Amino acid sequence: MAKRKARQLSAKQKIVREALQITWVLMGQLKSERMQHLRIGGMLAEMRDRNLYKELHHADMGDYGEKRLKLGRTCLYQYLNVYDWVKTSHPGWLKKGTKSFIPDISDMTDLMRIEEELKRKNLKAEDRKQLESLLKKGLNGELRQSQLKELRKKIKRV
């Protein structure tokens with residue numbers, strides 16, 4: 001069997017290969033971070049749902065979050081709201097090893113608002129179409145804040 005001669009990569013090809021490797025690792029790390037946000041939300045929901053914070057002598061979840069976790073109320077309830085929404089609307093994201101794209105937590109908050117707005121019965125057809133388009137983009141990781149901001153100006157509730 002003849003030995004294959006190793007192909008030499010140009011300097012440019014080596015840099016491109018390195019950039020692709022770093023990008024692949026970054027994508028994995030970002031997905032892990034997003035999954036971690038959901039796991040944190042799940043644990044907070046367990047503390048809330050089972051009233052476990054009371055066993056630690058806290059009056060409510062806000063007090064527990066602030067005193068035990070050094071987590072502000074806004075952040076605490078963002079984790080809980082996002083987790084509850086994902087559990088109801090996108091449970092596949094909670095499955096270990098999911099291949100689905102998972103948006104970051106701030107985008108999830110925007111998607112929650114969009115879905116809530118889409119539930120309105122008196123929504124104009126044009127507004128509904130735009131919201132559905134933004135929802136689709138958000139679920140694919142293509143939603144830009146500028147698009148959402150533009151729609152917010154038009155529809156005061158989003």
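All figures in this text were calculated on a predicted structure; none of them were measured in a lab. Atoms considered below: every heavy atom in the structure, side chains included; atoms not considered: hydrogens, waters and symmetry mates.
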Any side-chain heavy atom of [X] sitting closer than 4.5 Å to one from [Y]?
X: Leu76; Y: Leu80; answer: yes
X: Glu115; Y: Trp85; answer: yes
X: Gln130; Y: Leu134; answer: no

For a side chain to side chain contact (heavy atoms under 4.5 Å, CB included) check, start with the C-alpha distance between Leu56 and Met47, then their side-chain angles and the critical distance, and finish with the verdict. CA-CA 10 Å; Leu56 300 174; Met47 289 296 290; 4.2 Å; yes
Does Thr109 form a side chain to side chain contact (heavy atoms under 4.5 Å, CB included) with Asn81? I'd like the steps, not just the answer. CA-CA 8 Å; Thr109 303; Asn81 290 336; over 6 Å; no
Could you tabulate the donor-acceptor pairs under 3.5 Å formed by side-chain atoms of residues 98-107, not counting sequence neighbours?
residue: Thr98; atom: OG1; partner: Gly92; partner atom: O; Å: 3.3
residue: Thr98; atom: OG1; partner: Ser100; partner atom: N; Å: 3.2
residue: Thr98; atom: OG1; partner: Ser100; partner atom: OG; Å: 3.4
residue: Asp104; atom: OD1; partner: Ser106; partner atom: N; Å: 3.1
residue: Asp104; atom: OD1; partner: Ser106; partner atom: OG; Å: 2.8
residue: Asp104; atom: OD1; partner: Asp107; partner atom: N; Å: 2.9

Qualifying residues under side-chain contact (heavy atoms from CB on, under 4.5 Å), relative to [X], sequence neighbours excluded:
X: Glu142; value: Lys137, Asn140
X: Lys124; value: Asp127
X: Ser146; value: Arg144

Pairing of Lys129 and Glu132 as salt bridge, 4.0 angstrom limit: no
Under a 4.0 Å threshold between the charged nitrogen and the carboxylate oxygen, would Lys119 count as salt-bridged to Glu116? yes
Nonpolar side-chain network containing [X], other nodes, edges under 4.5 Å:
X: Leu20; answer: Val16
X: Met43; answer: none
X: Leu30; answer: none
X: Leu26; answer: Ile22

For [X] and [Y], work out which heavy atoms get closest and say how close.
X: Lys14; Y: Leu9; result: CE-O, 3.6 Å
X: Leu38; Y: Tyr83; result: O-CD1, 3.5 Å
X: Val86; Y: Met108; result: CG2-SD, 3.8 Å

For residues 47-67, which residue pairs pass the side-chain hydrogen bond (donor to acceptor under 3.5 Å, both in side chains) check, not counting sequence neighbours?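 Those involving residues 47-67 are Glu46-Arg50, Arg48-Asp84, Asn51-Tyr53, His58-Asp63, His58-Arg68, Asp63-Lys67, Glu66-Arg73.
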Which pairs count as side-chain hydrogen bond (donor to acceptor under 3.5 Å, both in side chains) when at least one residue sits in residues 23-38, sequence neighbours excluded? Gln36-Arg39
Does the pair His90 and Leu139 meet the rule for a side chain to side chain contact (heavy atoms under 4.5 Å, CB included), with working shown? CA-CA 10 Å; His90 302 281; Leu139 293 172; 3.6 Å; yes
If I take atom CG from residue Leu44 and atom OH from residue Tyr79, how far apart are they, to the nearest 0.5 angstrom? 8.0 Å
Leu143 CG to Leu135 CG distance, which is reported to the nearest 0.5 Å: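 The CG atom of Leu143 sits 9.0 Å away from the CG atom of Leu135.
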In chain order, what residues pass the side chain to side chain donor-acceptor pair (under 3.5 Å) check against Gln13, with sequence neighbours excluded?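 Counting only residues at least two positions away or on another chain, Gln13 forms a side chain to side chain donor-acceptor pair (under 3.5 Å) with Ser10.
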For Glu126, check side chain to side chain donor-acceptor pair (under 3.5 Å) against everything at least two apart and list the hits.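 Only Lys154 meet the side chain to side chain donor-acceptor pair (under 3.5 Å) criterion with Glu126.
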